[in-house]
Amino acid sequence: MALGGLPGFRDFFPSDMRLRSHILDGWRRVAERYGFEEYDGPPLEPLDLYVRKSGEEIVGQLYRFTDQGGREVALRPEMTPTFARMVGARAAGLPKPIRWYSTPQLFRYERPQKGRLREHFQLNMDIVGEPGELADAEMIAAAIDVLREFGLGEADIVARVSDRRLMGAVLDEFGVAEDSLAAVFAVIDRLDREDEAVLRDRLDAAGVPQAAADRIFEFAADPDPSLSACVEAGDGGPELRDAADRLSRVLGHLDATGLGGFVRFDPTLVRGLAYYTGTVFEVWDRAGEFRAICGGGRYDDLLAAVGGPDLPALGFGMGDVVLGELLIARGLEPEQLPAIQDFVVCVTPEQRPLGLQVAHWLRDSGRRVAYDFADRSVGRQFKVANQMGAERAIVVGPDEAADEAVLIRDLSSGEEARVPIGNLKPMND
RNA sequence: GUGGGCGUAGCUCAGCUAGGUUAGAGCGCCAGGUUGUGGUCCUGGAGGUCGCGGGUUCGAUUCCCGUCGCUCACCCCA
């Protein structure tokens, strides 16, 4: 290989393209089954579109440059700003709620690692203009159904669901100061992966009182947390009660759909959820081998904040990289379809014109057809037909031609039959 | 940005651990095994500056240093 590609970018050989198409096709099927309409925007956007939402520090993680017209531009790292602009342009005239989906290729300048490249495809499904909990449940159900579409079941995946406001209220009640909240969230996110002693040191460094730390670990130790326990721990203020009530209804709706077995209330879900305002969720493989497969939630203030309409909204994103790794690990890759169905065998070069006509008729009727480009022996042509995975060999030879027929051989059973050439003509010819 | 692992044919790897004649295997690929029938089998072939550069040495794929690349983890995560 004289020249490699860029790190974190993928070449999709035919065998890889199979999985990619499988994933993208599955995404589309389910999104449309949920009544979502597809949209797309430009892969290149003004840099400012992302700075405005996420701040200057994000610039280092963007693929960005100055174009020949002096504009600062960036390859899109996420779809939400583009979505906000597009929704804003049409929202006034569209019936609510708006249900749109997209499958953009996104780019981020980061060190590639497992499940995380510099480029990926991401399913985005969003609902705009609906404040009620049925929409929250609908969104989570859609995410689960997308994964079910690929053959993943309750034993494979789990949706962790919470409300953005719950844990903050609980921590407040524990005596955690407002300005150490971020550090505490980071600790909570690592409860499964890090020793308690290390995490206690971090809490201490963040200025969290010993008593508060004790209550955090006690709270997090509950293997099957309940909403009521959460409200109790937080000594339910009105906002906490409202969040708990809402979440309770969301979970109830999900039970009603029959997807309850995929769902788990998890108040420790706090990570990377800066702009969410209510329901938040992530879907994980149960074995915990991979990163989050998908994440999303309600972001009622975001559209207005990035210059879009002031409408409540919610949605999720699901990347193709982790999902692809998971499907491979669970043996759920799509099966390889042979490239062709029919292989036209020419016995002698004299049959070439007839062979070309037969092949073209078959193609016109929708069959996948190939033939040998060289005038090789019949045996060789059969070898190629077999190698290409053909179901049938269509033999065009002098004996058959004399009868205005071809010989059709079933390559798996070996059965042969003479068929009049006219029978191969497409129906509508 | 930080740290670990790995770089030998298209792919998966062996050889290197006391440095030495034309660097190997399996799979894959190509061509044959004659005259109209494939999958198995047999024969032959193509394909490698042993990632790159430097050092030690009579001699380096093998030892040392550097560098690049890949990969995993950390950081970060929209």
Side-chain angles (χ1 to χ4, degrees), chain A residues 1-11 13 15 45 49-55 57-63 74-84 104 106-118 120 122 124 182 185-186 189-190 193-194 270-276 282 289-292 295-297 299 302 305-306 315-317 319 321-322 325 338 343-351 372 374-402 406-416:
Chain A
M1 193 185 299
L3 194 60
L6 287 167
F9 284 76
R10 295 169 288 178
D11 287 334
F13 292 94
S15 56
E45 292 274 19
L49 189 65
Y50 304 111
V51 175
R52 187 159 45 167
K53 179 188 168 199
S54 307
E57 70 278 5
I58 220 70
V59 173
Q61 294 173 45
L62 294 178
Y63 265 97
L75 287 170
R76 59 185 176 195
E78 59 167 324
M79 202 56 178
T80 303
T82 302
F83 175 69
L106 305 176
F107 308 87
R108 54 179 71 171
Y109 192 82
E110 290 179 310
R111 195 76 156 252
Q113 54 191 296
K114 190 177 183 211
R116 201 143 180 217
L117 306 173
R118 287 181 169 177
H120 71 140
Q122 187 181 76
N124 280 250
F185 280 159
D189 185 54
R190 284 168 184 282
R193 290 174 277 165
E194 200 101 63
V270 293
R271 182 76 162 175
L273 308 173
Y275 56 72
Y276 290 117
E282 289 181 344
E289 293 170 45
F290 301 93
R291 294 163 181 280
Y299 52 93
L302 182 65
V306 299
F316 71 84
V321 179
V322 175
E325 289 172 351
F343 192 93
V344 178
V345 173
C346 282
V347 176
T348 74
E350 283 66 47
Q351 274 75 52
D372 195 25
D375 293 321
R376 292 192 284 189
S377 73
V378 172
R380 283 293 140 191
Q381 293 184 63
F382 267 91
K383 204 181 270 276
V384 174
N386 187 64
Q387 184 183 40
M388 291 183 77
E391 298 161 8
R392 311 190 301 179
I394 315 297
V395 181
V396 180
D399 299 350
E400 293 80 3
V406 297
L407 186 70
I408 297 182
R409 179 181 175 90
D410 183 312
L411 286 172
S412 53
S413 70
E415 284 173 31
E416 293 186 342

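Worth saying up front: this structure is predicted, and the values here are computed from it rather than measured. Naming: A, B, ... by sequence-line order, numbering from 1 per chain.
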Practice prompt. Carefully, step by step, assess Val321(A) and Arg10(A) under the rule side-chain contact (heavy atoms from CB on, under 4.5 Å).
Written response: CA-CA 11 Å; Val321(A) 179; Arg10(A) 295 169 288 178; 3.9 Å; yes

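- Going from the C1' atom of U43(B) to that of U34(B) covers 16 Å, rounded to whole Å.
- Residue Gln113(A) has its side chain nearest to A73(B) when only A73(B), A78(B), G38(B) are considered.
- A gap of 16 Å separates the C1' atoms of C6(B) and C52(B), to the nearest Å.
- Geometrically, Arg118(A) engages Tyr109(A) in a cation-pi contact, judged by NZ or CZ lying under 6.0 Å from the ring centre and within 45° of the ring axis.
- Rounded to whole angstrom, the span from the CZ atom of Phe9(A) across to the P atom of G69(B) amounts to 15 Å.
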Could I get a table of every N or O pair under 3.5 Å where one atom is in the protein and the other is in nucleotides 1-4 of chain B?
unit_1 : atom_1 : unit_2    : atom_2 : d
U2(B)  : O4     : Arg111(A) : NH1    : 3.3
U2(B)  : O4     : Arg111(A) : NH2    : 3.4

Each nucleotide N or O in nucleotides 31-37 of chain B that has a protein N or O under 3.5 Å away: list the pair and distance.
unit_1 : atom_1 : unit_2    : atom_2 : d
A31(B) : OP1    : Arg376(A) : NH1    : 2.8
G32(B) : N7     : Arg380(A) : NH2    : 3.4
G33(B) : N7     : Arg380(A) : NH2    : 3.1
G36(B) : O6     : Asp399(A) : N      : 3.0
G36(B) : O6     : Asp399(A) : OD1    : 2.9
G36(B) : O6     : Asp399(A) : OD2    : 2.5
G36(B) : N1     : Glu400(A) : OE1    : 3.0
G36(B) : N1     : Glu400(A) : OE2    : 3.1
G36(B) : N2     : Glu400(A) : OE2    : 2.9
U37(B) : O2     : Arg409(A) : NE     : 3.1
U37(B) : O2     : Arg409(A) : NH1    : 3.2
U37(B) : O2     : Glu416(A) : OE2    : 3.3
U37(B) : N3     : Glu416(A) : OE2    : 2.7

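- OP1 or OP2 of C29(B) lies within a sub-4.0 Å distance of a side-chain N or O belonging to Gln387(A).
- Rounded to whole Å, the distance from CG on Leu106(A) to P on C77(B) is 18 Å.
- With RNA chain B read from its 5' end, the first of the two nearest nucleotides for Gly115(A) and Leu411(A) is the one closest to Leu411(A).
- Taking the syn range as angles within 90° of 0, the glycosidic angle of A18(B) is syn.
- Atom name C1', nucleotides U35(B) and C13(B): the rounded distance is 44 Å, in whole Å.
- With both ends at atom P, the span from U40(B) to A31(B) equals 16 Å, rounded to whole Å.
- In this structure, the CD atom of Glu415(A) is 17 Å from the P atom of G38(B), given to the nearest Å.
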Worksheet entry | side-chain contact (heavy atoms from CB on, under 4.5 Å) between Val384(A) and Arg376(A), worked out | CA-CA 10 Å; Val384(A) 174; Arg376(A) 292 192 284 189; 3.6 Å; yes

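- With both ends at atom P, the span from C50(B) to U8(B) equals 11 Å, rounded to whole Å.
- Here the CD1-CZ distance, from Ile408(A) to Arg392(A), works out to 4.5 Å after rounding to the nearest 0.5 Å.
- Within the 4.5 Å cutoff, the side chain of Met388(A) has no heavy atoms near those of the Pro338(A) side chain.
- In this structure, CZ on Phe343(A) lies 10.5 Å from CG on Asn386(A), to the nearest 0.5 angstrom.
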Worksheet item: How does RNA chain B look in dot-bracket form if you count Watson-Crick and G-U pairs under 3.5 Å, write [ ] for pairs that cross, and put | where a base pairs with another strand?
Response: (((((((..((((......[...)))).(((((.......))))).....(((((..]....))))))))))))....

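- Nucleotides C58(B) and C42(B), compared at atom P, are 49 Å apart to the nearest Å.
- In this structure, the side chain of Gln122(A) does not engage the main chain of Glu78(A) through any donor-acceptor pair within 3.5 Å.
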Discussion item. Tyr50(A) vs Thr82(A), test: side-chain contact (heavy atoms from CB on, under 4.5 Å). Steps then yes/no.
Written reply: CA-CA 9 Å; Tyr50(A) 304 111; Thr82(A) 302; 4.1 Å; yes

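- Glu110(A) contributes no side-chain N or O that, together with a main-chain N or O of Gln61(A), makes up a donor-acceptor pair within less than 3.5 Å.
- Rounded to a whole Å, the CZ atom of Phe185(A) is 14 Å from the P atom of C77(B).
- Atom SG of Cys346(A) sits about 7.5 Å away from atom CG of Asp375(A), to the nearest 0.5 Å.
- G39(B) and A14(B) are spaced 33 Å apart, taking the P atom of each and rounding to whole Å.
- Between the CZ atom of Arg291(A) and the P atom of C76(B) there is a distance of 13 Å, rounded to whole Å.
- For the pair Val306(A)/Thr80(A), no side-chain contact is recorded, criterion being any heavy-atom separation below 4.5 Å from C-beta on.
- Ring-plane geometry between Phe9(A) and Phe107(A) is classed as parallel, the angle between the planes falling under 30 degrees on a 0 to 90 degree scale with a further cut at 60.
- Using P as the reference atom, C11(B) and U56(B) are 34 Å apart when rounded to the nearest Å.
- Just one residue in the list Glu325(A), Glu282(A), Gln113(A) forms a side chain to side chain contact (heavy atoms under 4.5 Å, CB included) with Arg291(A), and that residue is Gln113(A).
- Here Gly414(A) lies in heavy-atom contact (under 4.0 Å) with a base.
- Separating the CG atom of Asp11(A) from the C1' atom of C70(B) is a distance of 14 Å, rounded to the nearest angstrom.
- Protein atom CG of Leu117(A) is 19 Å distant from nucleotide atom P of C77(B), rounded to whole Å.
- The CZ-P distance, from Arg108(A) to C77(B), rounds to 11 Å in whole Å.
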